Student: 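The structure that follows is given in the form of structure tokens.
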Amino acid sequence: MSIAVNVINLSKKFYLYQDRAQTLKERIIFWNRQKTEEFWALRDINLTVPKGATIGLIGRNGSGKSTLLKIISRILYPTAGEVRINGRVSTLLELGAGFHPDFTGRENIFLNASILGLSRKETERYLNEIIEFAELAEFIDHPVRNYSSGMYVRLGFSVAVHVDPDILLVDEVMAVGDLAFQKKCLEKINEFRRKGKTIIFVTHDMSLVQRICDYVAWLENGELKADGKAHEVVNKYLDLVATREEERMLRERQRGELQAETTAWKELGEGKKEPEKPPSEGGFFEGKAARWGNRQVEITMVKMLNQQGEECYSFECGQPVTIIMQYVMHKEVSDLVFGIGIFRDDNIHCYGSNTDIDRCQIEGYPPSGVVECQIQNLHLLEGRYFLDVAAHTKEGIPYDYWTKCLEFTVFSRIKDVGIARLEHRWVVQVN
């Protein structure tokens, strides 16, 4: 196997200055007294990139992805270890990197191309193609300081891809610009792939990674957590993201319940009317919830459970979800309906149902109990949602209605658009 980039035991250390001297006088006075802290951006990274492969670098912000790309492009140098490169490298790491704001677009093409290794004669040969790809013909002789950020990246990307590199390094710039230009960028990337070029790029778009990458390297806190085939590593990464999101949601709920209970006892101590005490089991999304009804039937607890039966507030599109409502009757009623409603964070009503609509006839509810709404497949698309729950009469008169009682999130490995993912399949008939 021919290797394009070989990263061997790579580490990079930075020094963080707490009180950095700004003037020569301060440097002399505070010589050897400045407080510094070591920060390891990368630790013992070993990564092999085959020639002709497309590899995505993924991970949270601050995990070391851009630092690794800068070391490969020799903008930075490692503290330890080495990088071996086989071929010409072209980089697109920052908007307008290498551009001079007072130069025109045309002048910056020559400047940037020379930095990337093209001779003036080669640049002149590609000049018209670069301008046409960037769609800047009418602005090419204007200073780039007057360009928008989108125009900057169009020009920078156009120069980088026309250098005809063996290895292309890209850092998050494909997310910039209008949709038409993003499409052109992806087409150019795919053209590079067909030509057998090596591409290494940083992105947070997991659908793009799965679509065009052969391999993925996942960096976490400066260390290589996993690398391998794209779909395998991305799935591991998304599992961790989902776990962290679930933990965050649980912490927010617990904090909201504690604040609500503290406020209740404080008001009681000041001699005010005792407010409604938050439920001791489960809880509601504090600060956004509203509640009304005559309370002849009271909902005392609401929870959401995942397919393992664990309390959970972050779900993957298509997973089963169970909504638990605990209730108590303060007065016997014969006309009782339980319902749920799901709203997206922009107040779009995504779904609603109740026991009467679903013809779940129960003769004589016990004085207290638990009602479950079992959703076999939560086919909501990625986003932030709120849950309403209610106990009411068949005519809709509320006994107890909680709006936005719980907040939950949905993530998806497939980037559909809209509100819900509909079960479907594609059939192509060939005559």
Side-chain angles (χ1 to χ4, degrees), residues 1-7 47-61 63-66 68-70 72-73 85-95 133-134 150 153-154 156-219 224-241 317 381-382 411-417 426:
M1 179 181 65
S2 182
I3 296 174
V5 178
N6 195 12
V7 180
L47 183 64
T48 300
V49 181
K51 187 176 181 180
T54 300
I55 180 169
L57 299 181
I58 65 173
R60 294 188 298 171
N61 289 330
S63 60
K65 305 183 298 297
S66 296
L68 178 57
L69 231 56
K70 288 177 181 177
I72 294 173
S73 63
I85 298 172
N86 181 21
R88 174 192 269 182
V89 177
S90 180
T91 64
L92 192 57
L93 303 184
E94 295 178 6
L95 299 183
F133 187 90
V153 74
R154 294 209 310 260
F157 189 93
S158 185
V159 174
V161 296
H162 283 88
V163 169
D164 194 26
D166 301 305
I167 303 166
L168 178 65
L169 309 178
V170 186
D171 188 359
E172 276 293 355
V173 297
M174 283 189 289
V176 181
D178 55 36
L179 291 176
F181 187 73
Q182 288 179 28
K183 185 173 181 292
K184 283 177 65 173
C185 291
L186 289 175
E187 288 173 353
K188 197 67 179 179
I189 292 293
N190 286 325
E191 180 186 326
F192 273 35
R193 295 177 68 204
R194 290 191 295 270
K195 290 181 177 179
K197 309 288 186 180
T198 304
I199 304 167
I200 306 174
F201 73 96
V202 171
T203 184
H204 292 283
D205 186 345
M206 295 301 109
S207 64
L208 178 64
V209 169
Q210 291 178 307
R211 201 159 67 244
I212 71 172
C213 286
D214 304 305
Y215 305 99
V216 167
W218 170 14
L219 295 180
L224 186 63
K225 192 171 182 68
D227 68 299
K229 292 183 179 179
H231 69 278
E232 294 175 357
V233 178
V234 167
N235 284 338
K236 290 178 183 178
Y237 175 69
L238 289 177
D239 287 341
L240 180 64
V241 170
C317 176
L381 295 189
E382 194 165 285
F411 71 95
S412 176
R413 300 169 200 264
I414 304 172
K415 298 302 176 184
D416 311 47
V417 294
W426 295 94

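The structure presented is a predicted model; accordingly, all values stated were derived computationally and were not measured.
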Student: Nearest 0.5 Å please: distance from the CG atom of Leu169 over to the CD1 atom of Ile199.
Tutor: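 One finds 10.5 Å between CG of Leu169 and CD1 of Ile199.
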Student: Rounded to the nearest 0.5 Å, how far does CG of Asp166 lie from NZ of Lys195?
Tutor: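 So the gap between those two atoms works out to 12.0 Å.
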Student: How long is the straight-line distance from CG of Leu57 back to CD1 of Ile72, given to the nearest 0.5 Å?
Tutor: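 The CD1 atom of Ile72 sits 6.5 Å away from the CG atom of Leu57.
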Student: For residues Gly52 and Thr198, report the shortest heavy-atom separation together with the two atoms involved.
Tutor: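 Taking every non-hydrogen atom into account, N-OG1, 2.9 Å.
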Student: For Val241 and Phe411, run side chain to side chain contact (heavy atoms under 4.5 Å, CB included): C-alpha distance rounded to whole Å, both residues' side-chain angles, the deciding distance at 0.1 Å, then the answer.
Tutor: CA-CA 9 Å; Val241 170; Phe411 71 95; over 6 Å; no
Student: Which atom pairs, one a donor and one an acceptor, fall under 3.5 Å between side chains of residues 224-240 and the rest of the protein, sequence neighbours left out?
Tutor:
residue	atom	partner	partner atom	Å
Asn235	OD1	Arg413	NH1	2.9
Asn235	ND2	His231	O	3.1
Asp239	OD1	Arg413	NH2	2.6

Student: How long is the straight-line distance from CG of Asn6 back to OG1 of Thr48, given to the nearest 0.5 Å?
Tutor: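 The CG atom of Asn6 is 4.0 Å from OG1 of Thr48, to the nearest 0.5 Å.
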Student: For Ser412 and Leu381, indicate whether the former's side chain and the latter's backbone hold a donor-acceptor pair under 3.5 Å.
Tutor: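 Not a single qualifying donor-acceptor pair exists.
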Student: Using the side chain to side chain contact (heavy atoms under 4.5 Å, CB included) rule, take Thr91 and Leu69 through it: C-alpha gap first, then chi angles, then the decisive distance, then the call.
Tutor: CA-CA 9 Å; Thr91 64; Leu69 231 56; over 6 Å; no
Student: Which residue, Thr54, Val216, Ile55, forms the side-chain contact (heavy atoms from CB on, under 4.5 Å) with Val209?
Tutor: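 That would be Val216; it is the only one of Thr54, Val216, Ile55 passing the side-chain contact (heavy atoms from CB on, under 4.5 Å) with Val209.
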Student: Do the side chains of Arg193 and Asp214 get close enough for a salt bridge, i.e. N-O under 4.0 angstrom?
Tutor: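 Judged by the 4.0 Å cut-off on N to carboxylate O distance, Arg193 and Asp214 do form a salt bridge.
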Student: Are any of the side-chain nitrogens in Glu191 or Arg194 under 4.0 Å away from the carboxylate oxygens of its partner?
Tutor: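 Looking at Glu191 and Arg194, the cut-off is not met.
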Student: Ring-plane angle category for His162 and Phe133, please: parallel below 30°, perpendicular beyond 60°, tilted otherwise.
Tutor: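 His162 and Phe133: perpendicular rings.
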Student: With the side chain counted from C-beta on, respond yes when Ser90 and Leu168 share a heavy-atom pair under 4.5 Å apart, and no when they do not.
Tutor: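 Yes, at least one pair of side-chain atoms sits under 4.5 Å.
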Student: Quick one: pull up CG in Leu47 and CD1 in Ile200 and give me the separation to the nearest 0.5 Å.
Tutor: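 Going from the CG atom of Leu47 to the CD1 atom of Ile200 covers 7.0 Å.
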Student: Does Arg88 reach the side chain of Val163, with side-chain heavy atoms less than 4.5 Å apart?
Tutor: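 Contact flag for Arg88/Val163 side chains = yes.
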Student: Looking only at heavy atoms, what is the nearest atom pair of Pro165 and Ala160, with distance?
Tutor: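 Closest pair (atom of Pro165, atom of Ala160, distance): CD-O, 4.0 Å.
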Student: Search all heavy atoms of Cys213 against all heavy atoms of Phe201 and return the closest pair with its distance.
Tutor: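 So the two residues come closest at SG-CE2, 3.4 Å.
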Student: Please find the pair of heavy atoms, one from Ile167 and one from Ala4, that lie closest to each other, and give the distance.
Tutor: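 So the two residues come closest at CD1-O, 3.7 Å.
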Student: To the closest 0.5 Å, what do you measure between NE2 (His204) and NZ (Lys65)?
Tutor: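 Answer for the NE2-NZ pair, His204 versus Lys65, is 4.0 Å.
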